[in-house]
Amino acid sequence: MGGPRGAGWVAAGLLLGAGACYCIYRLTRGRRRGDRELGMRPSKSAGILEEGTSKGQLCGRSARPQRGGTWESQWSKTSQPEDLTDGSYDDVLNAAQLQKLLYLLESTEDPVIIERALITLGNNAAFSVNQAIIRELGGIPIVGNKINHSNQSIKEKALNALNNLSVNVENQIKIKIYINQVCEDVFSGPLNSAVQLAGLRLLTNMTVTNDHQHMLHSYITDLFQVLLTGNGNTKVQVLKLLLNLSENPAMTEGLLRAQVDSSFLSLYDSHVAKEILLRVLTLFQNINNCLKIEGR
């Protein structure tokens, strides 16, 4: 199926379808002299990213994504509670310090300490070398367990840390077991919440390559629902995720079968933000390209 008929199918498918604090202080402050003697510096290959800034570096066995996707990474410099290292670019933890931090994160039940530890771990996971170290230290399950925490702020910080860790393709193999839980939280939680956005960013990273996209098959209709009801930031994040899926011919059928409300057409209104409109148009183009590849 091709030409006008193919385009019509695309349109039809879319439309239808304190002591502890001292220990922390000692952990993060007492080691600075040794770090500086070692000349510790941020990895140039990974860099430090502002909150919500895209990351173009893929770390691990592959030099770059299979497709032209965009990696999302989080760096929290002013979050409250703050990073245990005060968010300084020079305060990058080494393997021994990361191991202590992971032990602290696993052993404490103090929500303030858990949150600060997750922020610190997430910031350090913005460095390519630490993405591998944290995995080798068994840190991914420790962080992953926190996405089930009843404290929404802790849940968000855990998702942000997993998001940074997911830039490493070897880490994705371990992180994929959390995809279903993340999807449930994204689609059942409060609309436009920090947890929802953090979950969407993680899912976007996990779908830059085709390896784990099939795990979102049953959630495509939910994605369109959030797209139509969310605010501008949420719409953009959902579209980034849908664009990843739309570049994979294996996901085309699922996108076409999604039950989408007719209000989807409102995204073509002249008053819609340019960053949203362009992504919607690209979504259609990607699906049409996949149909041509399949000879339909």
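Computed from a prediction, not measured in an experiment: that's the story for all the values here. All values below were derived from every heavy atom in this structure, side-chain atoms included, with hydrogens, water molecules and symmetry-related copies excluded.
Gln97 places a side-chain N or O within 3.5 Å of a backbone atom of Asn94 that can act as its donor or acceptor partner. Not one N or O on the side chain of Lys146 forms a donor-acceptor pair closer than 3.5 Å with the backbone of Lys155. The main-chain N or O of Ile133 is never found under 3.5 Å from a side-chain atom of Asn130 such that the two would form a donor-acceptor pair. Put simply, the side chain of Asn244 gets close to the backbone of Thr204: a donor and an acceptor are under 3.5 Å apart. With Thr108 contributing its side chain and Leu104 its backbone, the two residues share no donor-acceptor pair below 3.5 Å. A donor-acceptor pair is defined here as one N or O able to donate and one able to accept, closer than 3.5 Å; such a pair exists between the side chain of Lys235 and the backbone of Leu228. Using a distance-only test at 3.5 Å, with no hydrogens or angles considered, a donor-acceptor pair links the side chain of Gln196 to the main chain of Asn192.
Nearest heavy atoms, Ile175 versus Leu162: CD1-O, 3.6 Å. Taking each heavy atom of Glu170 and Asn168 in turn, the nearest pair found is N-OD1, 2.9 Å. Nearest heavy atoms, Leu165 versus Ala125: CD2-CB, 3.7 Å. Residue Ser246 comes nearest to Cys290 through the heavy atom pair O-SG, 3.2 Å, listed as atom of the first residue, atom of the second, then distance. Residue Leu216 comes nearest to Cys183 through the heavy atom pair CG-SG, 4.3 Å, listed as atom of the first residue, atom of the second, then distance. Looking at every heavy atom in both residues, Gln131 comes nearest to Asn164 through NE2-O, 3.5 Å.
Hydrophobic cluster membership differs between Leu241 and Leu278, with clusters built from Ile, Leu, Val, Met, Phe, Trp and Tyr side chains linked at under 4.5 angstrom. Residues Met206 and Ile177 share a single hydrophobic cluster, defined by chaining ILVMFWY side chains whose heavy atoms lie under 4.5 Å apart. Taking hydrophobic clusters as Ile, Leu, Val, Met, Phe, Trp and Tyr residues chained together by side-chain heavy-atom distances below 4.5 Å, Tyr103 does not share a cluster with Leu121. Taken together through direct or relayed side-chain contacts under 4.5 Å among Ile, Leu, Val, Met, Phe, Trp and Tyr, Leu197 and Val236 form parts of separate hydrophobic clusters.
The stretch residues 265-288 participates, sequence neighbours left out, in no salt bridge (charged side-chain N to carboxylate O under 4.0 Å, His left out) pair at all.
Between Gln172 and Thr209 there is a side-chain heavy-atom pair separated by less than 4.5 Å. Side-chain contact between Leu255 and Leu242: present, with at least one pair of heavy atoms (C-beta onward) separated by less than 4.5 Å. Side-chain contact between Arg201 and Asn160: present, with at least one pair of heavy atoms (C-beta onward) separated by less than 4.5 Å. Counting only heavy atoms from C-beta outward, the side chains of Leu283 and Ile287 approach each other to under 4.5 Å. No side-chain heavy atom of Lys240 sits less than 4.5 Å from a side-chain heavy atom of Leu200. In this structure the side chain of Leu277 never reaches within 4.5 angstrom of the side chain of Leu267, judged on heavy atoms.
Here CG of Asn286 is found 13.0 Å from CE of Met251. Values are rounded to the nearest 0.5 Å. Rounding to the nearest 0.5 Å gives a distance of 4.0 Å between CG of Asn248 and CG of Asn210. Note that CD1 of Ile179 and CD of Gln213 are 10.0 Å apart. Values are rounded to the nearest 0.5 Å. Rounded to the nearest 0.5 angstrom, Ile119 CD1 and Ile154 CD1 are separated by 10.0 Å. Note that the CG atom of Leu159 and the CG atom of Leu118 stand 10.0 Å from one another [nearest 0.5 Å]. Atom OG1 of Thr221 sits about 10.0 Å away from atom CZ of Phe187, to the nearest 0.5 Å.
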Give the C-alpha distance, both sets of side-chain angles, the deciding distance and a yes or no for side chain to side chain contact (heavy atoms under 4.5 Å, CB included) between Val167 and Val208. CA-CA 9 Å; Val167 177; Val208 168; over 6 Å; no
Test log, rule side-chain hydrogen bond (donor to acceptor under 3.5 Å, both in side chains), inputs Gln181 and Asp185: CA-CA 6 Å; Gln181 179 62 52; Asp185 289 341; 3.1 Å; yes
Show the numbers, then the answer: is there a side chain to side chain contact (heavy atoms under 4.5 Å, CB included) between Leu245 and Leu223? CA-CA 11 Å; Leu245 302 180; Leu223 282 170; 4.1 Å; yes
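The closest side-chain donor-acceptor pair between Asn123 and Thr120, if any, does not fall under 3.5 angstrom. Judged by distance alone, the side chains of Asn289 and Gln285 do bring a donor and an acceptor atom under 3.5 Å apart. Between Ser263 and Asp261, the side chains place a donor N or O and an acceptor N or O closer than 3.5 Å (distance only, hydrogens not considered). Between Gln237 and Asn233, the side chains place no donor N or O within less than 3.5 Å of an acceptor N or O (distance only, hydrogens not considered).
Note on ring orientation: taking the six-membered ring where Trp is involved, the planes of Phe284 and Tyr268 are tilted (angle from 30° to 60°).
When each of Ile276, Val238, Asp222 is tested with Leu227 by the rule side chain to side chain contact (heavy atoms under 4.5 Å, CB included), just one qualifies, namely Val238.
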